[in-house]
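Presented below is the structure to which this report refers.
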Amino acid sequence: CYRHSSDQERLKQNWIEMLLSENDMIDFSLTGCELEDLALPKKSIIASNMAWCTFRNIDFSHTTLLNTFFDFCLFENCKFNNILCRYSVFSGSKMIDCDFSGSVIIHTNFCGIDTFRCNFSDCDLYFSTFNSSFLRDTDFEDCNLKKADFVYTDQRRVSFRYSNYEEARH
């Protein structure tokens with residue numbers, strides 16, 4: 001456990017090496033850590049827990065995220081371009097200047113997120129849920145929103161242009 005480790009710096013360095021390696025990560029636990037200025041290689045992160053972390057300037061582009069937990073994280077200036085994400089959780093997270101464009105994000109939980117200047121354009125968001133979220137200056141342009149859930153969201157300057165918003169719950 002990172003929070004209770006007697007050598008947090010060594011543990012953090014080991015995690016960074018694992019994140020930057022080309023090997024897939026399965027059943028990985030990294031909670032409560034701050035990471036910045038990393039570009040992950042194309043890899044899979046499966047059944048892992050990265051809750052309560054802070055990610056600044058992290059490039060997750062082209063990664064595969066399966067059943068991975070990012071709940072209550074802070075994401076600043078992160079890239080998730082062209083990711084494949086299924087059954088993952090971002091609930092309660094704050095996202096500032098993040099880009100998810102061109103991604104396939106299916107059955108993923110974004111409940112209660114707070115976004116500012118984020119981009120989900122050209123994404124397949126089938127059956128993903130954003131309910132009870134605060135979405136500001138965020139684009140969902142040209143997206144598949146079939147069965148996506150936007151119930152009880154507070155939306156300010158959000159664009160759904162060219163998306164099938166009528167097929168989402170709202």
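Computed from heavy atoms alone, side chains included, the values below leave out hydrogens, waters and symmetry copies. When a residue number appears, it is its place in the shown sequence, counting from 1.
A centroid separation of 6.0 Å or more is found between the aromatic rings of Phe55 and Phe80.
At a threshold of 4.5 Å between non-hydrogen side-chain atoms, the residues Asp142 and Ser121 do not count as touching. Contact of the Asn67 side chain with the Ile46 side chain is not registered, since no non-hydrogen atoms from C-beta on lie closer than 4.5 Å. Between Leu19 and Met25 the shortest side-chain heavy-atom distance falls below 4.5 Å. A heavy-atom distance below 4.5 Å is not found between the side chains of Thr115 and Phe110. Side-chain contact between Ser44 and Leu66 is absent, with no heavy-atom pair separated by less than 4.5 Å. Counting only heavy atoms from C-beta outward, the side chains of Phe75 and Ser93 approach each other to under 4.5 Å. Side-chain contact between Ser61 and Asn82 is absent, with no heavy atoms from C-beta onward closer than 4.5 Å. Looking at heavy atoms from C-beta onward, Phe134 lies in side-chain contact with Arg156 at the 4.5 angstrom threshold.
Each of Asn144, Leu145, Val104 was compared with Leu125 under the side-chain contact (heavy atoms from CB on, under 4.5 Å) criterion, and only Leu145 meets it. The ring pair (Phe, Tyr, Trp, His ring centres under 6.0 Å) with Phe120 is formed by just one residue from the set Phe90, Phe150, Phe130; it is Phe130.
For Phe69, the ring-ring contact (aromatic ring centres under 6.0 Å, His included) test picks out no residue, with sequence neighbours left out. Looking at residues two or more places apart in sequence or on another chain, you find no salt bridge (Lys or Arg N to Asp or Glu O under 4.0 Å) involving Glu167.
Defined by atom type and a distance below 3.5 Å, a donor-acceptor pair is present between the side-chain atoms of Asn57 and Asp37. There is a side-chain donor-acceptor pair under 3.5 Å between Asn81 and Ser101.
When the side chains of ILVMFWY residues are joined at heavy-atom separations under 4.5 Å, either directly or via intervening members, Phe127 and Phe160 end up in two distinct hydrophobic clusters.
For the pair Asp137 and Arg117, the salt-bridge criterion is not met [side-chain N within less than 4.0 Å of a carboxylate O]. Arg136 and Asp114 are joined by a salt bridge, as a carboxylate oxygen and a charged side-chain nitrogen come within less than 4.0 angstrom of each other. Classification of Lys12 and Glu34 as a salt-bridged pair fails, no side-chain N sitting under 4.0 Å from a carboxylate O.
The two atoms that bring Cys111 and Ser133 nearest to each other are C-OG, 3.9 Å, heavy atoms only. The shortest heavy-atom contact between Pro41 and Ser21 is CG-O, 3.2 Å. Residues Ile113 and Met95 approach most closely at CD1-SD, 4.3 Å, considering heavy atoms. Between Asn164 and Cys143, the closest heavy-atom pair is OD1-O, 3.0 Å.
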*Are Leu74 and Arg56 close enough, and set up right, to give a side chain to side chain contact (heavy atoms under 4.5 Å, CB included), and what steps lead you there?*
CA-CA 8 Å; Leu74 171 61; Arg56 289 187 180 91; 4.0 Å; yes
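Around NZ of Lys147, the count of heavy atoms belonging to other residues, nucleotides or ligands within 6.0 Å does not exceed 12.
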